[in-house]
Amino acid sequence: MSIGRDGIAGLILLAISLVLLVKSFQLPSLPIVPVGPGFYPAIVLSFMAAASALLVLQDLLKRRPAAAAGAGEAPRRNYRLVVIAFAIVGAYVVLLPLVGFRVATVLFVGALQAALDRPRTAQQWGVLAAIALGTAMVSYFVFERYLLVLLPRGAWTGF
């Protein structure tokens, strides 16, 4: 079995995330705060390592067709959607200090989800709104209330 482009990218990201994960555990702990400076990087890097390992595994398990058989058909690329997604992320970055984390996150999740798979019925729009609200509220309570991380307040909204 040969490793493809996804597998190589996964191996590189896995190596980077594991090296940085080890480094995050070596950060000094602060006696005043229960959560040290390496806590959040360790979480992010653990997820990155797991996702990278899954990418390598997926690439190894995938049976690659012969190069001659697949040479005629290339997957259709949707550059328009990529530009829309970047615009939505940019709008989120601009809105975050103006309307605050909670409002900006609801708008971001809702807009990105609608851009990726536009709802067609009222029920689907309701699910989209529930997911956007739920994501913002769960994120807010986990970070602001449980982990005591201050999230951006909006200059226009005050919350």
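Just so we're clear, the structure is a prediction, and the values are computed from it rather than from any experiment. The figures here come from the full heavy-atom set of this structure, side chains too, leaving out hydrogens, waters and symmetry mates.
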- Task: Could you check if a side-chain atom of Phe39 sits within less than 4.5 angstrom of a side-chain atom of Leu147, using non-hydrogen atoms only?
- Result: yes
- Message: Any heavy-atom pair between the side chains of Gln124 and Val127 that's under 4.5 Å?
- Response: no
- Task: For residues Tyr40 and Phe143, determine if any side-chain heavy atom of one lies less than 4.5 Å from a side-chain heavy atom of the other.
- Result: yes
- Query: How about Val103 and Trp156: do any of their side-chain heavy atoms sit closer than 4.5 Å?
  - Reply: no
- Separation between CG (Leu107) and CG (Leu112), nearest 0.5 Å, reads 12.5 Å
- Item | Presence of salt bridge, Glu144 and Arg153, under 4.0 angstrom | yes
- Query: Can you tell me how far the CG atom of Leu21 sits from the CZ atom of Phe47, to the nearest 0.5 Å?
  - Reply: 12.0 Å
- Item | Inter-residue atom distance Trp125.CH2 - Gln113.CD, 0.5 Å rounding | 9.5 Å
- How close do Ile88 and Ala115 get, heavy atom to heavy atom, and via which atoms? CD1-CB, 3.7 Å
- Following the transitive rule for hydrophobic clusters with a side-chain heavy-atom cut-off under 4.5 Å over Ile, Leu, Val, Met, Phe, Trp and Tyr, establish whether Leu150 and Phe141 coincide in one cluster. no
- Report yes if the side chains of Gln58 and Asp6 come closer than 4.5 Å at any heavy-atom pair, otherwise no. no
- Item | Single hit among Leu57, Leu18, Leu14 for side-chain contact (heavy atoms from CB on, under 4.5 Å) with Ser52 | Leu14
- Query: Excluding sequence neighbours, so at least two apart, what forms ring pair (Phe, Tyr, Trp, His ring centres under 6.0 Å) with Tyr92?
  - Reply: Phe108
- Item | N/O donor-acceptor pair under 3.5 Å between Ser24 side chain and Pro41 backbone | no
- Item | Check: Leu11 and Ile3 side chains under 4.5 Å, non-hydrogen atoms | yes
